[in-house]
Amino acid sequence: MMFDEFLLETNGGDLTLEDLLVETPATLDTLPVSMLSRLQADAQSHLAQASKIVAILHGVFTRRYAQGLNGTGTHRRIDGDYEIRIEVPKTVAWDQAKLAAAIETIRSWGEDPADYVETKLSVSETSYKAWPPAIRDLFTPARTVKPGKTKFMFTLGQEEEEA
């Protein structure tokens, strides 16, 4: 099917987000950039709206089913014919200064802190770039750079839309 025929069959030439779900990559790859830009903006708008809806529903569920829950773990409520399972995850935070003191105490006892505590070392990328070359060269073999998620920005005239 030619691109023009495809457009005529899809809502009189106006491709929708739902159409993206059923079309082949080869067909989608031929779409004009103006249509891709509009579809991208529509998808971002739907995503933002869906996030708001999920947050609203979470608030309803919290008020309706999580009131009075004490503690973390799995809880159950019954509402009519439905059993609602509520999972309250545990979030643990450690005071870094107190951990450092505890590690030093373990060392003073002749024990190896690595038997008890996991240590993760990290380097700020801003700091790394500002270091003198000799220091940077020392750390470079331990550094791995992986690309992040690619972003696409469509610009028409003076407007810019971020994808």
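Just so you know, residue 1 is the first one in the sequence shown, and it goes up from there.
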- Query: Hey, what do you get for NZ (Lys98) to CD1 (Ile103), rounding to the nearest 0.5 Å?
  - Reply: 14.5 Å
- Modelled atom types, side-chain donor and acceptor of Thr24 and Thr27, under 3.5 Å: yes
- Query: Is Ser127 reaching over with its side chain to a backbone N or O of Val123, donor-acceptor style, under 3.5 angstrom?
  - Reply: no
- Message: Restricting to non-hydrogen atoms, name the atom on Pro113 and the atom on Arg107 that form the minimum distance, rounded to 0.1 Å.
- Response: CG-CG, 3.6 Å
- With distance as the sole test, does His46 use its side chain to make a donor-acceptor pair with the main-chain N or O of Asp42 at under 3.5 Å? yes
- Once you round to the nearest 0.5 Å, how far does CZ of Arg85 lie from NE2 of His75? 11.5 Å
- Query: Nearest 0.5 Å, what's the CD-CG distance between Gln40 and Leu17?
  - Reply: 9.5 Å
- Are the side chain of Glu83 and the backbone of Asp81 linked by a donor-acceptor contact shorter than 3.5 Å? no
- Message: Using a 6.0 Å cut-off, check whether atom CZ of Arg143 has over 12 heavy atoms from anything other than its own residue.
- Response: yes
- Message: In terms of relative ring orientation, are Tyr65 and Phe61 parallel, tilted or perpendicular, with 30° and 60° separating the classes?
- Response: tilted
- Does any non-hydrogen side-chain atom of Leu39 lie less than 4.5 Å from one of Leu31? yes
- Given side chains that start at C-beta, do those of Thr144 and Lys146 come closer than 4.5 Å, heavy atoms only? yes
- Going by distance alone, is a donor N or O of one side chain under 3.5 Å from an acceptor N or O of the other, for Asp137 and Thr140? no
- Message: For the backbone of Tyr82 and the side chain of Asp79, can you confirm whether one donor and one acceptor N or O come within less than 3.5 Å of each other?
- Response: no
- Locate the shortest heavy-atom distance separating Ile86 from Leu69; write the atom from each residue and the value. CG2-CD1, 3.8 Å
- Message: Determine whether a donor-acceptor pair (N or O, by modelled atom type, separation under 3.5 Å) exists between the side chain of Arg136 and the backbone of Lys129.
- Response: yes
- Query: Taking all atoms of both residues into account, what is the closest heavy-atom pair of Leu36 and Leu28, and its distance?
  - Reply: CD2-O, 4.4 Å
- Message: To the closest 0.5 Å, what do you measure between CD (Glu87) and OG1 (Thr74)?
- Response: 4.5 Å
- Item | Euclidean distance, Tyr116 OH relative to Leu99 CG, rounded to 0.5 Å | 15.0 Å
- Query: Taking atom CG of Asp19 and atom CE of Met35, what is their separation to the nearest 0.5 Å?
  - Reply: 9.5 Å
- Item | Thr105 backbone acceptor or donor facing Ser108 side chain under 3.5 Å | yes
- Query: Residues two or more places apart in sequence or in another chain: which of them pass side-chain contact (heavy atoms from CB on, under 4.5 Å) with Ser45?
  - Reply: none
- Task: Count the heavy atoms belonging to other residues, nucleotides or ligands that lie under 6.0 Å from CD of Gln49, then report whether that count exceeds 12.
- Result: no
- Task: Please answer: with hydrophobic residues joined when any side-chain heavy atoms are less than 4.5 Å apart, are Leu138 and Trp131 in the same cluster?
- Result: yes
- Item | Any donor-acceptor N/O pair, Arg38 side chain to Val33 backbone, under 3.5 Å | no
